[in-house]
Amino acid sequence: MSEAPGLFTALGVLIRRDLLLALRRRAQILNPLVFFVIVVTLFPLGLGPEPNLLQKLAPGVLWVAALLSAMLSLEAMFHSDFEDGSLEQLLLAPQPVFITVIAKVLTHWLLSGLPLLLLAPLLALWLHLSPDAIVVLLASLALGTPVLSLIGAIGVALTVGLRRGGVLLSLLVLPLYIPVLIMGAGAVDAAASGLAAGAHLSILGALLLLSLSLAPWAAGAALRISVE
Amino acid sequence: MWVWLHKFGSPKYFYNVSGKILPWVGGATVLLILVGLYLGLFASPADYQQRDSVRIMYIHVPSAWNSMFIYLVMAAAAAIGLIWNIKIADIAAAVSAPIGASFTFITLVTGSLWGKPMWGTWWEWDARLTSELILLFLYLGYIALQSAFEDRRTAARASAVLAIVGAVNVPIIYYSVQWWNTLHQPQSLGVGMSTIHASMLLPLLLMALGFKLLYVTLLLMRTRTEVLERERNSAWVQELAQALSGKSSSDQVRSSNEQR
Amino acid sequence: MSNGGAMPPSLEAVDIECERGERILFSGLSLSLRPGNLMLIEGPNGSGKTSLLRILCGLAQPSSGVVRWRGTDITQTRDQFRAELIYLGHNHGVKGDLTPYENLSIARDLACARQDITLDEALDAVGLAGFEDVPARTLSAGQRRRVALARLLVTEVRLWVLDEPFTALDTRGVTLVERMLAGHLAQGGMAAVSTHHPVAVAEVDIVRLELS
């Protein structure tokens, strides 16, 4: 008998598969990003274009928008695979379930977190954020957005089998996002007012490590339950 | 321990034993809360700064303690149900959520009532109140997920995963909110717990114990109801129902016996 | 991996019970499959055929009872068991946005691949020559099922669990599946198949299981 492929081979195959699928549905990737830009644009329109005010609010606005746009793209993580039975096939593949989850989370981050990281400096300029603060913003997003994808994976895995899971998903996931929001926006805020942001960023890093070690297991267990 | 867990996990055994414990726990609850309320509302002095509004604390603080405690109990029960597949644990977790959410809600309302005379505003983004608010969101999410599934077993297992994830998050949320608060409001206003007088401490502790027992009472009552509901087709519940209806009208029992 | 060789391949279900909502679909059900065995699961709609197959491959848990592969509970040896299993359900997991070739290539790369057959040969064998590079969503239901069936050809596993494999297939498709089953069983494989159709597979041990 031949052997089942190793974990890293399987991870590579799964990531390639999801990127290929995303490539065939390009609009779906772009939508959350456009949403991110529009939400950030709404704030100056709602609050007035006063630079000092915008500068003050920028860290919170950017992070809340990032949170919402990450959440919008979450549902795509498992939904179509659940509908057409691919999820069953993935759960029955010889690899442990957490490999599937890690592949899904990584693709989600590559398609939602990373583009956000590239867009954020531009939007930060619109909100008159200082260059120092923009550097910290990028660092905080780099550490924080993977946590959003990881925690989000648990939420989607729990709700994927439900007919109207979308609103429920936000109810489950947003409270769990609060620490990331506090630390992320706090880091940028500190940098914008000329303080050190190291403590915030190290806590974000700790959150990333913690969720990296726990979330794939929880999401894997949740997937098994949802598919049953 | 293992044998005990499975024995106690059987719905019938649980129903019988809890039926015997319940009156005692319920009685102790009423007693403790009555004494605590008397001492707190009448026998203890008013605070020299906070005046009589300090008395809200005797409800607020025990509720707050309960709200966190119940979330942890709920997560533990859910985990036991998930891992060892014990029905009673599933039920205990499911019925704990609304109770915990109610205590959280009471905490928020009393905190707000206390805030008006103290801070001059109904709502202050104080660290403790804010984390209670987030805790309420966690409870609501759990309840919503629980009710979204049609199959009870799937509902119990899925919400168990959420409860465990939530329990890991509760301390993280608590400390990050604390930190957020000290950064944004250096002159943080807390309920003055550090310098508490003995005449206030006793009623507070009595109330705290009373509220814990209140939770146990409610938990037992609701679990018993839920057990009857879920096991309504089993032989022992049928017998129980017949015995009960026999007390009210023995004719019904006789007629149902004749039909057999 | 080491004890995989020690115990002979066999699938065993002992005293399993399945509950859906408030209803008990079946209980006290035991069965066993050995190399060369084909088990046909028959029964009316709603009798629990799909539930049984999902329990057998570990997608669902029975409310009581145990399923064993090579003598070990499948919840204990998940990864090993799954390496020797292929399941085709109602939704067979063929991605509409990918071509049949891509679908098959991914399925093979994630499983224990067979070395003696190329993807093109497999697609040819299931009658999809000429359709390798069109998006699978443009294919008919029967053709998409054939893509899923091609998976059975490019992988080397002991146990096939097929839920209504003849759905949407024409007569030639049905014969194809029967030939594939016969070949698999002749090589010492085993299969659990739910179906409404009579299955013509010569010279194999057929175990029939009727659910009511």
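Convention: sequence-line order gives letters A, B, ...; per-chain numbering from 1.
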Q.
A:Val13 vs C:Ile106, test: side chain to side chain contact (heavy atoms under 4.5 Å, CB included). Steps then yes/no.
A. CA-CA 7 Å; A:Val13 172; C:Ile106 290 163; 4.2 Å; yes
Q | Over all atoms of both residues, closest heavy-atom pair of C:Ala111 and A:Pro5 | A | O-CD, 3.3 Å
Q: Please report the shortest heavy-atom distance between C:Asn91 and A:Glu88, naming the atom on each side.
A: O-OE1, 4.1 Å
(Q) Only pairs of heavy atoms separated by less than 4.5 Å count here; which of C:Leu88, C:Asp79, C:Val94 has the most with chain A? (A) C:Asp79
Q | Shortest non-hydrogen contact between C:Arg82 and A:Pro94, atoms and distance | A | NH2-O, 3.8 Å
Q. To the nearest 0.5 Å, what is the distance between CZ (C:Arg144) and CG (A:Asp84)?
A. 10.0 Å
Q) Would you find more than 12 non-hydrogen atoms of other residues, nucleotides or ligands less than 6.0 Å from C:Phe131 atom CZ? A) no
Q.
To the closest 0.5 Å, what do you measure between CG (C:Leu59) and CG (A:Leu92)?
A. 4.0 Å
(Q) Tell me the closest heavy-atom pair linking C:Leu110 and A:Leu90, and the distance in Å. (A) CD1-CD2, 4.1 Å
Q | Top contributor to chain A contacts, counting heavy-atom pairs under 4.5 Å, from C:Arg54, C:His92, C:Lys95 | A | C:Lys95
Q.
C:Asp116: which residues meet the salt bridge (charged side-chain N to carboxylate O under 4.0 Å, His left out) condition with it, sequence neighbours left out?
A. C:Arg114
Q.
Given heavy-atom pairs under 4.5 angstrom as the criterion, report whether the side chain, backbone, both or neither of A:Thr9 touches chain C.
A. neither
Q | Passing option when C:Glu102 is tested against A:Arg16, A:Arg17, A:Arg24 for salt bridge (charged side-chain N to carboxylate O under 4.0 Å, His left out) | A | A:Arg24
Q: Please look at A:Gln89 and chain C and tell me whether the side chain, the backbone, both or neither of the residue comes under 4.5 angstrom of a heavy atom of that chain.
A: side chain
